[in-house]
Amino acid sequence: MLQLQTIRENKESIITALKKRNIDAEPMLSKIIELDEKRRSIQTELDATLAESNKLSKEIGMLFKSGKAQEANTLKEKTAGLKEASKQLGDDLNVTAAALQEQLYQIPNVPHESVPAGNTDEDNEEIFREGDIPPLEEGALPHWELAKKYDIIDFELGVKVSGAGFPVYKGKGARLQRALISYFLDKNTEAGYTEVQPPLMVNEASGYGTGQLPDKEGQMYHVTADDLYLIPTAEVPITNLHRDDILAESDFPIKYTGYTPCFRREAGSYGAHVRGLNRLHQFDKVEIVRMEHSNNSYAALDEMVEHVKGLLQDLKLPYRILRLCGGDLGFTSALTYDFEVFSTAQDRWLEISSVSNFETFQANRLKLRFKDENGKSQLAHTLNGSALALPRVLAGILENYQTKDGIKIPEVLVPYCGFEVID
RNA sequence: AGAGAGGUGGCCGAGUGGUCGAAGGCGCACGCCUGGAAAGUGUGUAUACACCAAAAGUGUAUCGAGGGUUCGAAUCCCUUCCUCUCUGCCA
(Lines give C-alpha, C1' and ligand atoms only; values in the text may rest on other atoms or scores of the structure.)
Protein backbone atom coordinates (compact mmCIF):
# COMPACT_ATOMS: atom_id res chain seq x y z
CA MET A 1 0.00 0.00 0.00
CA LEU A 2 1.37 3.36 -0.95
CA GLN A 3 1.56 6.12 1.60
CA LEU A 4 -0.89 8.95 1.28
CA GLN A 5 1.77 11.54 1.73
CA THR A 6 3.79 10.03 -1.09
CA ILE A 7 0.75 10.11 -3.33
CA ARG A 8 0.02 13.71 -2.45
CA GLU A 9 3.54 14.81 -3.15
CA ASN A 10 4.47 12.66 -6.14
CA LYS A 11 1.29 12.07 -8.03
CA GLU A 12 2.76 12.68 -11.48
CA SER A 13 5.84 10.54 -11.03
CA ILE A 14 3.74 7.70 -9.65
CA ILE A 15 1.48 7.87 -12.67
CA THR A 16 4.50 7.76 -14.97
CA ALA A 17 6.04 4.83 -13.12
CA LEU A 18 2.80 2.85 -13.05
CA LYS A 19 2.56 3.14 -16.83
CA LYS A 20 5.25 0.45 -16.84
CA ARG A 21 2.62 -1.81 -15.37
CA ASN A 22 0.28 -0.74 -18.14
CA ILE A 23 -1.91 1.00 -15.65
CA ASP A 24 -3.36 4.42 -16.03
CA ALA A 25 -3.39 5.41 -12.40
CA GLU A 26 -4.54 8.96 -12.99
CA PRO A 27 -8.24 8.40 -12.18
CA MET A 28 -7.49 6.35 -9.08
CA LEU A 29 -4.95 8.79 -7.73
CA SER A 30 -7.19 11.76 -8.34
CA LYS A 31 -9.97 9.96 -6.55
CA ILE A 32 -7.65 9.21 -3.67
CA ILE A 33 -6.47 12.78 -3.36
CA GLU A 34 -10.04 13.98 -3.49
CA LEU A 35 -11.11 11.54 -0.79
CA ASP A 36 -8.12 12.46 1.29
CA GLU A 37 -8.94 16.14 1.11
CA LYS A 38 -12.48 15.38 2.07
CA ARG A 39 -11.33 13.23 4.94
CA ARG A 40 -9.04 15.93 6.25
CA SER A 41 -11.61 18.64 6.14
CA ILE A 42 -14.11 16.43 7.96
CA GLN A 43 -11.49 15.58 10.51
CA THR A 44 -10.67 19.21 11.16
CA GLU A 45 -14.30 20.04 11.64
CA LEU A 46 -14.92 17.01 13.83
CA ASP A 47 -11.92 17.78 16.01
CA ALA A 48 -13.15 21.31 16.57
CA THR A 49 -16.62 20.08 17.46
CA LEU A 50 -15.29 17.53 19.89
CA ALA A 51 -12.96 20.08 21.44
CA GLU A 52 -15.90 22.36 22.10
CA SER A 53 -17.88 19.50 23.51
CA ASN A 54 -15.06 18.41 25.79
CA LYS A 55 -14.68 21.92 27.07
CA LEU A 56 -18.35 22.16 27.97
CA SER A 57 -18.29 18.80 29.68
CA LYS A 58 -15.49 19.92 31.90
CA GLU A 59 -17.33 23.08 32.79
CA ILE A 60 -20.44 21.09 33.62
CA GLY A 61 -18.41 18.85 35.87
CA MET A 62 -16.99 21.85 37.70
CA LEU A 63 -20.38 23.45 38.12
CA PHE A 64 -21.90 20.30 39.57
CA LYS A 65 -19.05 20.02 42.00
CA SER A 66 -19.50 23.55 43.21
CA GLY A 67 -23.23 23.00 43.57
CA LYS A 68 -24.36 25.17 40.70
CA ALA A 69 -26.70 22.59 39.27
CA GLN A 70 -28.90 25.07 37.52
CA GLU A 71 -26.09 26.60 35.49
CA ALA A 72 -24.87 23.14 34.68
CA ASN A 73 -28.23 22.15 33.31
CA THR A 74 -28.26 25.21 31.11
CA LEU A 75 -24.94 24.20 29.64
CA LYS A 76 -26.16 20.67 29.12
CA GLU A 77 -28.70 21.90 26.66
CA LYS A 78 -25.96 23.45 24.58
CA THR A 79 -24.21 20.12 24.19
CA ALA A 80 -27.10 18.42 22.44
CA GLY A 81 -26.43 20.12 19.12
CA LEU A 82 -22.72 19.45 19.34
CA LYS A 83 -23.38 15.83 20.02
CA GLU A 84 -25.61 15.52 17.01
CA ALA A 85 -23.06 17.26 14.82
CA SER A 86 -20.13 15.16 15.95
CA LYS A 87 -22.09 11.97 15.42
CA GLN A 88 -22.85 13.00 11.87
CA LEU A 89 -19.26 14.06 11.21
CA GLY A 90 -17.94 10.86 12.73
CA ASP A 91 -20.09 8.78 10.40
CA ASP A 92 -18.96 10.83 7.42
CA LEU A 93 -15.37 10.39 8.46
CA ASN A 94 -15.72 6.63 8.72
CA VAL A 95 -17.38 6.34 5.34
CA THR A 96 -14.78 8.52 3.69
CA ALA A 97 -11.85 6.80 5.36
CA ALA A 98 -13.17 3.39 4.34
CA ALA A 99 -13.59 4.50 0.75
CA LEU A 100 -10.09 5.91 0.79
CA GLN A 101 -8.67 2.70 2.23
CA GLU A 102 -10.40 0.65 -0.42
CA GLN A 103 -8.90 2.78 -3.17
CA LEU A 104 -5.46 2.60 -1.63
CA TYR A 105 -5.60 -1.18 -1.51
CA GLN A 106 -6.07 -1.22 -5.26
CA ILE A 107 -2.90 0.61 -6.20
CA PRO A 108 0.05 -1.69 -6.82
CA ASN A 109 3.55 -0.81 -5.78
CA VAL A 110 5.47 1.74 -7.81
CA PRO A 111 8.09 -0.02 -9.95
CA HIS A 112 11.72 0.82 -9.37
CA GLU A 113 13.31 2.97 -12.07
CA SER A 114 15.25 0.01 -13.43
CA VAL A 115 12.10 -1.98 -14.14
CA PRO A 116 11.56 -2.29 -17.90
CA ALA A 117 8.18 -1.50 -19.35
CA GLY A 118 6.37 -4.46 -20.84
CA ASN A 119 3.29 -6.59 -20.84
CA THR A 120 4.22 -10.22 -20.45
CA ASP A 121 7.08 -12.49 -19.50
CA GLU A 122 8.37 -11.99 -23.04
CA ASP A 123 9.37 -8.50 -22.00
CA ASN A 124 11.41 -9.51 -18.99
CA GLU A 125 15.01 -8.52 -19.25
CA GLU A 126 17.66 -11.21 -18.98
CA ILE A 127 20.54 -9.75 -17.02
CA PHE A 128 22.71 -12.76 -16.29
CA ARG A 129 23.22 -16.33 -17.44
CA GLU A 130 25.57 -18.96 -16.16
CA GLY A 131 26.21 -22.70 -16.27
CA ASP A 132 26.51 -25.16 -19.10
CA ILE A 133 23.52 -26.89 -20.52
CA PRO A 134 24.47 -30.55 -20.40
CA PRO A 135 24.32 -32.51 -23.65
CA LEU A 136 21.79 -35.20 -22.93
CA GLU A 137 21.87 -38.63 -24.37
CA GLU A 138 19.38 -40.11 -26.73
CA GLY A 139 16.12 -40.87 -24.98
CA ALA A 140 16.47 -38.28 -22.19
CA LEU A 141 13.25 -38.05 -20.22
CA PRO A 142 11.30 -35.25 -18.57
CA HIS A 143 11.28 -35.44 -14.79
CA TRP A 144 7.79 -36.90 -14.47
CA GLU A 145 8.91 -39.90 -16.52
CA LEU A 146 12.11 -40.16 -14.48
CA ALA A 147 10.10 -39.97 -11.28
CA LYS A 148 8.10 -42.96 -12.42
CA LYS A 149 11.04 -44.88 -13.80
CA TYR A 150 12.96 -44.71 -10.52
CA ASP A 151 9.84 -44.69 -8.33
CA ILE A 152 10.81 -41.57 -6.41
CA ILE A 153 7.71 -39.42 -6.84
CA ASP A 154 4.19 -40.82 -7.10
CA PHE A 155 1.66 -38.41 -8.50
CA GLU A 156 -1.19 -40.92 -8.68
CA LEU A 157 -0.89 -41.80 -5.03
CA GLY A 158 -1.13 -38.12 -4.20
CA VAL A 159 -4.30 -37.93 -6.26
CA LYS A 160 -5.78 -40.75 -4.21
CA VAL A 161 -4.90 -39.19 -0.90
CA SER A 162 -5.58 -35.54 -1.70
CA GLY A 163 -5.93 -34.64 -5.35
CA ALA A 164 -3.89 -33.43 -8.28
CA GLY A 165 -0.93 -31.30 -7.33
CA PHE A 166 -0.11 -33.12 -4.12
CA PRO A 167 2.74 -35.45 -5.01
CA VAL A 168 4.07 -38.19 -2.78
CA TYR A 169 7.87 -38.30 -2.58
CA LYS A 170 9.23 -41.75 -1.94
CA GLY A 171 12.51 -43.38 -1.02
CA LYS A 172 15.49 -41.57 -2.50
CA GLY A 173 13.15 -38.91 -3.84
CA ALA A 174 12.02 -38.04 -0.33
CA ARG A 175 15.59 -38.18 0.91
CA LEU A 176 16.81 -35.87 -1.85
CA GLN A 177 14.05 -33.46 -0.99
CA ARG A 178 15.09 -33.45 2.66
CA ALA A 179 18.73 -33.07 1.63
CA LEU A 180 17.94 -29.98 -0.41
CA ILE A 181 16.05 -28.41 2.47
CA SER A 182 18.89 -29.01 4.91
CA TYR A 183 21.46 -27.84 2.43
CA PHE A 184 19.64 -24.58 1.69
CA LEU A 185 18.99 -23.87 5.35
CA ASP A 186 22.64 -24.46 6.17
CA LYS A 187 23.84 -22.14 3.42
CA ASN A 188 21.37 -19.46 4.40
CA THR A 189 22.33 -19.70 8.04
CA GLU A 190 26.00 -19.40 7.11
CA ALA A 191 25.10 -16.20 5.29
CA GLY A 192 23.72 -14.74 8.49
CA TYR A 193 20.04 -15.57 8.18
CA THR A 194 18.39 -16.73 11.40
CA GLU A 195 16.46 -19.93 10.95
CA VAL A 196 12.82 -19.86 12.00
CA GLN A 197 9.99 -22.35 11.89
CA PRO A 198 6.86 -20.26 11.53
CA PRO A 199 3.22 -21.33 11.70
CA LEU A 200 1.79 -22.74 8.49
CA MET A 201 -1.57 -21.14 9.01
CA VAL A 202 -2.03 -17.42 9.47
CA ASN A 203 -4.83 -15.14 10.51
CA GLU A 204 -6.49 -12.51 8.40
CA ALA A 205 -4.37 -9.65 9.71
CA SER A 206 -1.21 -11.40 8.55
CA GLY A 207 -2.71 -11.92 5.12
CA TYR A 208 -3.35 -8.19 4.85
CA GLY A 209 0.09 -7.39 6.21
CA THR A 210 2.02 -8.89 3.35
CA GLY A 211 -0.59 -8.13 0.71
CA GLN A 212 -2.14 -11.53 -0.06
CA LEU A 213 -5.39 -10.03 1.16
CA PRO A 214 -7.52 -8.59 -0.17
CA ASP A 215 -5.95 -8.86 -3.63
CA LYS A 216 -5.33 -12.59 -3.88
CA GLU A 217 -7.85 -14.12 -1.57
CA GLY A 218 -8.75 -16.85 -4.05
CA GLN A 219 -5.20 -18.13 -4.24
CA MET A 220 -4.97 -19.20 -0.63
CA TYR A 221 -6.62 -22.15 1.04
CA HIS A 222 -9.02 -20.77 3.59
CA VAL A 223 -9.74 -22.85 6.68
CA THR A 224 -13.18 -21.42 7.24
CA ALA A 225 -14.02 -23.18 10.50
CA ASP A 226 -11.28 -21.21 12.23
CA ASP A 227 -10.86 -18.41 9.72
CA LEU A 228 -7.21 -19.14 9.07
CA TYR A 229 -5.30 -19.29 5.80
CA LEU A 230 -2.74 -21.88 4.77
CA ILE A 231 0.39 -20.01 3.88
CA PRO A 232 1.18 -19.67 0.18
CA THR A 233 4.80 -18.88 1.10
CA ALA A 234 6.88 -18.49 4.27
CA GLU A 235 7.09 -14.81 3.39
CA VAL A 236 3.69 -14.34 5.02
CA PRO A 237 4.32 -15.62 8.56
CA ILE A 238 7.95 -14.56 8.66
CA THR A 239 7.42 -11.00 7.49
CA ASN A 240 4.50 -10.71 9.89
CA LEU A 241 6.79 -11.52 12.81
CA HIS A 242 7.46 -7.80 12.83
CA ARG A 243 3.98 -6.49 12.18
CA ASP A 244 3.26 -3.41 14.33
CA ASP A 245 6.88 -3.18 15.42
CA ILE A 246 8.87 -0.03 15.85
CA LEU A 247 12.51 -1.01 15.50
CA ALA A 248 15.71 0.79 16.34
CA GLU A 249 18.15 1.53 13.53
CA SER A 250 20.61 -0.73 15.29
CA ASP A 251 18.25 -3.68 14.79
CA PHE A 252 19.05 -3.73 11.08
CA PRO A 253 19.69 -5.81 9.15
CA ILE A 254 17.05 -8.34 10.19
CA LYS A 255 17.56 -11.57 8.28
CA TYR A 256 15.47 -14.72 8.50
CA THR A 257 15.36 -17.98 6.68
CA GLY A 258 12.71 -20.62 7.02
CA TYR A 259 11.63 -23.83 5.43
CA THR A 260 7.91 -24.38 5.01
CA PRO A 261 5.52 -26.22 2.79
CA CYS A 262 3.55 -23.76 0.68
CA PHE A 263 -0.08 -24.15 -0.29
CA ARG A 264 -1.58 -22.60 -3.38
CA ARG A 265 -4.94 -23.17 -4.96
CA GLU A 266 -3.64 -22.26 -8.41
CA ALA A 267 -7.16 -21.86 -9.70
CA GLY A 268 -7.20 -21.73 -13.46
CA SER A 269 -3.91 -23.51 -14.09
CA TYR A 270 -3.95 -26.27 -16.65
CA GLY A 271 -2.11 -27.76 -19.59
CA ALA A 272 1.28 -29.20 -20.35
CA HIS A 273 3.15 -26.52 -18.42
CA VAL A 274 1.71 -27.71 -15.16
CA ARG A 275 2.77 -31.33 -15.60
CA GLY A 276 4.78 -33.10 -12.99
CA LEU A 277 6.47 -30.80 -10.52
CA ASN A 278 6.02 -27.67 -12.57
CA ARG A 279 3.00 -26.41 -10.67
CA LEU A 280 1.67 -27.86 -7.44
CA HIS A 281 -0.87 -27.17 -4.73
CA GLN A 282 1.60 -28.11 -2.06
CA PHE A 283 5.33 -27.66 -2.41
CA ASP A 284 8.35 -27.04 -0.24
CA LYS A 285 10.33 -23.86 -0.23
CA VAL A 286 13.14 -22.35 1.75
CA GLU A 287 12.69 -18.63 1.97
CA ILE A 288 14.89 -15.71 2.97
CA VAL A 289 13.31 -12.56 4.39
CA ARG A 290 14.88 -9.26 5.31
CA MET A 291 13.85 -6.04 6.99
CA GLU A 292 16.05 -3.13 6.11
CA HIS A 293 16.67 0.55 6.57
CA SER A 294 15.24 2.41 3.62
CA ASN A 295 18.68 3.53 2.48
CA ASN A 296 20.10 0.01 2.39
CA SER A 297 17.39 -2.10 0.82
CA TYR A 298 18.77 -2.19 -2.70
CA ALA A 299 22.21 -3.18 -1.47
CA ALA A 300 20.43 -5.91 0.47
CA LEU A 301 18.57 -6.99 -2.66
CA ASP A 302 21.85 -7.30 -4.55
CA GLU A 303 23.27 -9.33 -1.71
CA MET A 304 20.31 -11.69 -1.85
CA VAL A 305 20.72 -12.11 -5.59
CA GLU A 306 24.40 -12.97 -5.12
CA HIS A 307 23.49 -15.44 -2.42
CA VAL A 308 20.97 -17.26 -4.60
CA LYS A 309 23.50 -17.32 -7.42
CA GLY A 310 25.86 -19.09 -5.07
CA LEU A 311 23.31 -21.80 -4.37
CA LEU A 312 22.81 -22.51 -8.06
CA GLN A 313 26.52 -22.45 -8.76
CA ASP A 314 26.99 -25.06 -6.04
CA LEU A 315 24.33 -27.25 -7.59
CA LYS A 316 25.90 -26.71 -11.01
CA LEU A 317 22.59 -26.01 -12.64
CA PRO A 318 22.37 -23.79 -15.72
CA TYR A 319 20.34 -20.72 -14.83
CA ARG A 320 19.56 -17.20 -15.82
CA ILE A 321 18.35 -14.12 -14.01
CA LEU A 322 15.55 -11.95 -15.28
CA ARG A 323 14.56 -8.49 -14.24
CA LEU A 324 10.79 -8.59 -14.37
CA CYS A 325 9.04 -6.08 -16.57
CA GLY A 326 6.23 -3.92 -15.25
CA GLY A 327 3.53 -6.18 -16.60
CA ASP A 328 4.95 -9.27 -14.94
CA LEU A 329 5.88 -7.64 -11.66
CA GLY A 330 3.96 -8.75 -8.60
CA PHE A 331 1.39 -6.40 -7.12
CA THR A 332 3.41 -5.64 -4.00
CA SER A 333 6.91 -5.56 -5.47
CA ALA A 334 9.01 -2.61 -6.59
CA LEU A 335 11.71 -4.71 -8.20
CA THR A 336 11.90 -8.45 -8.72
CA TYR A 337 14.61 -10.71 -10.07
CA ASP A 338 13.46 -14.12 -11.16
CA PHE A 339 15.87 -17.01 -11.29
CA GLU A 340 15.18 -19.71 -13.84
CA VAL A 341 16.82 -23.08 -14.21
CA PHE A 342 17.04 -24.61 -17.62
CA SER A 343 15.24 -27.89 -17.75
CA THR A 344 17.03 -29.68 -20.52
CA ALA A 345 14.62 -32.49 -21.10
CA GLN A 346 11.64 -30.16 -21.24
CA ASP A 347 13.69 -27.64 -23.19
CA ARG A 348 12.35 -24.77 -21.15
CA TRP A 349 13.21 -22.45 -18.30
CA LEU A 350 11.66 -23.09 -14.90
CA GLU A 351 11.29 -20.35 -12.33
CA ILE A 352 12.94 -21.43 -9.09
CA SER A 353 13.39 -18.20 -7.23
CA SER A 354 11.92 -14.78 -7.09
CA VAL A 355 13.82 -12.14 -5.16
CA SER A 356 12.01 -8.89 -4.46
CA ASN A 357 12.25 -5.56 -2.76
CA PHE A 358 8.89 -4.30 -1.56
CA GLU A 359 10.29 -1.05 -0.25
CA THR A 360 7.65 0.38 2.10
CA PHE A 361 4.67 -1.23 0.41
CA GLN A 362 4.31 -4.11 2.85
CA ALA A 363 5.71 -2.13 5.77
CA ASN A 364 2.94 0.40 5.38
CA ARG A 365 0.36 -2.32 5.78
CA LEU A 366 2.34 -4.06 8.48
CA LYS A 367 3.02 -0.83 10.35
CA LEU A 368 6.63 -1.92 10.47
CA ARG A 369 8.63 1.16 11.35
CA PHE A 370 11.91 2.22 12.84
CA LYS A 371 13.19 5.30 14.64
CA ASP A 372 15.63 7.17 12.46
CA GLU A 373 18.57 9.24 13.70
CA ASN A 374 16.21 12.15 14.38
CA GLY A 375 13.99 9.97 16.50
CA LYS A 376 11.28 10.03 13.88
CA SER A 377 9.35 6.96 12.85
CA GLN A 378 9.66 5.91 9.27
CA LEU A 379 8.65 2.80 7.42
CA ALA A 380 11.16 0.01 7.03
CA HIS A 381 11.76 -1.81 3.78
CA THR A 382 10.93 -5.51 3.44
CA LEU A 383 12.48 -7.98 1.02
CA ASN A 384 12.23 -11.66 0.38
CA GLY A 385 13.38 -14.35 -1.95
CA SER A 386 13.25 -18.07 -2.47
CA ALA A 387 16.42 -19.85 -1.59
CA LEU A 388 15.12 -21.99 -3.09
CA ALA A 389 11.81 -23.47 -4.26
CA LEU A 390 12.20 -27.22 -4.13
CA PRO A 391 10.11 -28.89 -6.84
CA ARG A 392 11.64 -27.18 -9.81
CA VAL A 393 15.13 -27.47 -8.43
CA LEU A 394 14.36 -31.14 -8.11
CA ALA A 395 13.02 -31.22 -11.66
CA GLY A 396 16.17 -29.48 -12.87
CA ILE A 397 18.41 -31.92 -11.06
CA LEU A 398 16.54 -34.98 -12.27
CA GLU A 399 16.54 -33.84 -15.87
CA ASN A 400 20.00 -32.34 -16.10
CA TYR A 401 21.79 -34.99 -14.11
CA GLN A 402 20.25 -38.02 -15.81
CA THR A 403 22.56 -40.59 -17.34
CA LYS A 404 21.85 -44.01 -18.69
CA ASP A 405 23.12 -45.40 -15.39
CA GLY A 406 20.76 -43.34 -13.30
CA ILE A 407 20.51 -39.85 -11.90
CA LYS A 408 23.69 -38.50 -10.40
CA ILE A 409 23.42 -36.46 -7.23
CA PRO A 410 25.10 -33.04 -7.28
CA GLU A 411 28.32 -33.24 -5.33
CA VAL A 412 27.33 -30.77 -2.60
CA LEU A 413 24.25 -32.82 -1.83
CA VAL A 414 25.92 -36.20 -1.50
CA PRO A 415 26.79 -35.73 2.19
CA TYR A 416 23.19 -34.76 2.87
CA CYS A 417 21.73 -37.62 0.81
CA GLY A 418 24.03 -40.40 1.77
CA PHE A 419 24.03 -41.75 -1.79
CA GLU A 420 25.55 -40.66 -5.09
CA VAL A 421 23.09 -41.90 -7.63
CA ILE A 422 19.43 -42.70 -8.02
CA ASP A 423 19.09 -45.90 -9.97
C1' A B 1 -15.50 -28.88 23.49
C1' G B 2 -17.28 -27.53 28.94
C1' A B 3 -16.32 -24.26 33.41
C1' G B 4 -13.83 -20.05 35.23
C1' A B 5 -10.45 -15.72 35.09
C1' G B 6 -8.59 -11.81 32.42
C1' G B 7 -7.13 -8.18 28.33
C1' U B 8 -4.41 -0.80 30.78
C1' G B 9 1.84 2.60 28.05
C1' G B 10 8.52 -1.17 26.08
C1' C B 11 7.51 -4.49 30.60
C1' C B 12 5.08 -5.08 35.54
C1' G B 13 1.02 -2.89 37.74
C1' A B 14 -2.78 0.78 40.18
C1' G B 15 -7.08 2.82 38.78
C1' U B 16 -15.25 1.28 39.26
C1' G B 17 -18.27 7.86 36.17
C1' G B 18 -15.34 14.08 35.66
C1' U B 19 -9.31 17.58 37.14
C1' C B 20 -6.93 10.08 33.71
C1' G B 21 -2.96 9.65 28.19
C1' A B 22 -3.61 7.38 32.72
C1' A B 23 -0.40 6.63 39.95
C1' G B 24 3.76 3.65 41.28
C1' G B 25 7.73 0.46 39.89
C1' C B 26 11.11 -1.60 36.22
C1' G B 27 13.54 -0.63 31.80
C1' C B 28 15.55 3.05 28.53
C1' A B 29 17.80 8.14 27.29
C1' C B 30 20.22 12.46 28.93
C1' G B 31 22.37 15.25 33.09
C1' C B 32 24.39 15.60 38.15
C1' C B 33 27.38 12.94 41.57
C1' U B 34 32.26 9.63 40.97
C1' G B 35 39.23 9.05 39.41
C1' G B 36 35.97 5.34 36.62
C1' A B 37 31.77 2.34 37.57
C1' A B 38 27.84 0.86 40.84
C1' A B 39 24.66 3.09 44.21
C1' G B 40 22.25 7.72 44.74
C1' U B 41 19.81 11.83 42.40
C1' G B 42 17.23 15.13 38.62
C1' U B 43 14.71 15.40 33.99
C1' G B 44 12.59 13.02 30.02
C1' U B 45 10.44 8.60 27.90
C1' A B 46 3.33 5.90 23.47
C1' U B 47 1.00 5.96 18.69
C1' A B 48 -2.01 7.93 14.88
C1' C B 49 -4.54 11.89 12.62
C1' A B 50 -5.62 17.17 11.89
C1' C B 51 -4.13 22.53 11.95
C1' C B 52 0.76 25.16 10.81
C1' A B 53 5.63 26.19 5.10
C1' A B 54 8.45 23.83 8.98
C1' A B 55 10.21 23.65 14.08
C1' A B 56 7.71 24.88 18.31
C1' G B 57 2.91 24.54 19.55
C1' U B 58 -2.35 23.41 19.63
C1' G B 59 -6.48 20.12 18.97
C1' U B 60 -8.64 15.13 18.40
C1' A B 61 -8.58 9.93 19.04
C1' U B 62 -6.62 5.54 21.31
C1' C B 63 -6.76 1.62 28.28
C1' G B 64 -8.09 -5.72 22.87
C1' A B 65 -12.04 -4.33 18.84
C1' G B 66 -17.02 -2.49 17.66
C1' G B 67 -21.54 -0.41 19.44
C1' G B 68 -24.65 1.75 23.50
C1' U B 69 -25.97 4.71 28.14
C1' U B 70 -24.29 9.78 29.88
C1' C B 71 -23.18 16.72 29.52
C1' G B 72 -18.84 13.43 30.57
C1' A B 73 -16.54 6.31 30.16
C1' A B 74 -10.25 2.82 31.27
C1' U B 75 -14.38 2.70 34.84
C1' C B 76 -21.56 1.06 33.54
C1' C B 77 -24.38 -2.06 29.51
C1' C B 78 -24.34 -5.10 24.85
C1' U B 79 -21.68 -7.68 20.93
C1' U B 80 -17.19 -9.68 19.37
C1' C B 81 -12.00 -11.22 19.23
C1' C B 82 -7.98 -12.92 21.91
C1' U B 83 -5.13 -14.91 26.14
C1' C B 84 -4.64 -17.76 30.58
C1' U B 85 -6.26 -21.71 34.26
C1' C B 86 -8.95 -26.27 35.25
C1' U B 87 -11.67 -30.44 33.02
C1' G B 88 -12.19 -33.29 28.50
C1' C B 89 -9.80 -34.88 23.98
C1' C B 90 -5.27 -35.59 21.47
C1' A B 91 0.37 -35.56 18.86
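Lettering of chains follows the sequences in order, A, B, ..., and the numbering in each one begins at 1.
- The salt bridge (Lys or Arg N to Asp or Glu O under 4.0 Å) check on A:Lys11 picks up A:Glu26, with sequence neighbours excluded.
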Under 3.5 Å, N/O pairs linking protein and nucleotides 48-51 of chain B:
from: B:rA48; atom 1: OP1; to: A:Arg369; atom 2: NH1; distance (Å): 3.2
from: B:rC49; atom 1: O3'; to: A:Arg39; atom 2: NH2; distance (Å): 2.7
from: B:rC49; atom 1: O2'; to: A:Gln43; atom 2: OE1; distance (Å): 2.5
from: B:rA50; atom 1: OP1; to: A:Arg8; atom 2: NH2; distance (Å): 3.4
from: B:rA50; atom 1: OP1; to: A:Arg39; atom 2: NH2; distance (Å): 3.0
from: B:rA50; atom 1: O2'; to: A:Thr44; atom 2: OG1; distance (Å): 2.6

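- Atom CG in A:Asp244 sits about 14 Å away from atom C1' in B:rG10, given to the nearest Å.
- With sequence neighbours excluded, the residues satisfying salt bridge (Lys or Arg N to Asp or Glu O under 4.0 Å) with A:Asp36 are A:Arg8, A:Arg39, A:Arg40.
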What does the list of N/O pairs under 3.5 Å between the protein and nucleotides 67-76 of chain B look like, with a distance for each?
from: B:rC71; atom 1: O2'; to: A:Ser57; atom 2: OG; distance (Å): 3.0
from: B:rG72; atom 1: O4'; to: A:Ser57; atom 2: OG; distance (Å): 3.3

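- A search for side chain to side chain donor-acceptor pair (under 3.5 Å) contacts involving A:Gln219 returns nothing, not counting sequence neighbours.
- What separates NZ of A:Lys55 from C1' of B:rU60 is a distance of 15 Å, to the nearest Å.
- Looking at which nucleotide of RNA chain B each of A:Lys371 and A:Ala51 is closest to, the 5′-most match is held by A:Lys371.
- With rounding to whole Å, A:Leu89 atom CG is found 15 Å from B:rG59 atom C1'.
- Annotated stems with RNA chain B as a participant read B:1-7 with B:81-87, B:10-12 with B:24-26, B:27-32 with B:40-45, B:46-51 with B:57-62, B:64-68 with B:76-80, given as range with range, by first number; only runs of 3 or more Watson-Crick or G-U pairs under 3.5 Å qualify.
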Got a list of side-chain donor-acceptor pairs under 3.5 Å for residues 244-251 of chain A, not counting sequence neighbours?
from: A:Asp245; atom 1: OD2; to: A:His242; atom 2: ND1; distance (Å): 2.9
from: A:Glu249; atom 1: OE1; to: A:Glu373; atom 2: N; distance (Å): 3.3
from: A:Glu249; atom 1: OE2; to: A:His293; atom 2: NE2; distance (Å): 3.1
from: A:Asp251; atom 1: OD2; to: A:Ala248; atom 2: N; distance (Å): 2.8

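- Rounded to whole Å, atom C1' of B:rG66 lies 16 Å from atom CG of A:Leu93.
- When the salt bridge (Lys or Arg N to Asp or Glu O under 4.0 Å) test is applied to A:Asp24, no partner is found at least two apart in sequence or on another chain.
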Please tabulate, for side-chain N and O atoms in residues 108-117 of chain A, each donor-acceptor pair with protein atoms closer than 3.5 Å (sequence neighbours left out).
from: A:Asn109; atom 1: ND2; to: A:Thr332; atom 2: O; distance (Å): 2.9
from: A:Asn109; atom 1: ND2; to: A:Phe358; atom 2: O; distance (Å): 3.1
from: A:His112; atom 1: ND1; to: A:Ser114; atom 2: N; distance (Å): 3.1
from: A:His112; atom 1: ND1; to: A:Ser114; atom 2: OG; distance (Å): 2.8

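- Following rounding to the nearest Å, A:Lys376 (NZ) and B:rA54 (C1') show an atom-to-atom distance of 9 Å.
- In this structure, A:Phe166 and A:Tyr221 have tilted ring planes: the angle between them lies in the 30° to 60° band.
- Protein atom CD of A:Glu45 is 15 Å distant from nucleotide atom C1' of B:rG59, rounded to whole Å.
- Across the protein-nucleic acid pair, A:Lys367 atom NZ and B:rU62 atom P stand 17 Å apart, rounded to whole Å.
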Before you tell me yes or no, could you show the steps for A:Ile107 and A:Ile32 under side chain to side chain contact (heavy atoms under 4.5 Å, CB included), namely the whole-Å CA-CA distance, both residues' side-chain angles and the distance that decides it to 0.1 Å?
CA-CA 10 Å; A:Ile107 312 265; A:Ile32 283 170; 3.8 Å; yes
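- Taking A:Ser297 as the reference, A:Asn357, A:His381 meet the side chain to side chain donor-acceptor pair (under 3.5 Å) condition, with sequence neighbours excluded.
- With sequence neighbours excluded, the residues satisfying side chain to side chain contact (heavy atoms under 4.5 Å, CB included) with A:Leu50 are A:Leu46, A:Ser86.
- For A:Arg392, the salt bridge (Lys or Arg N to Asp or Glu O under 4.0 Å) test picks out no residue, with sequence neighbours left out.
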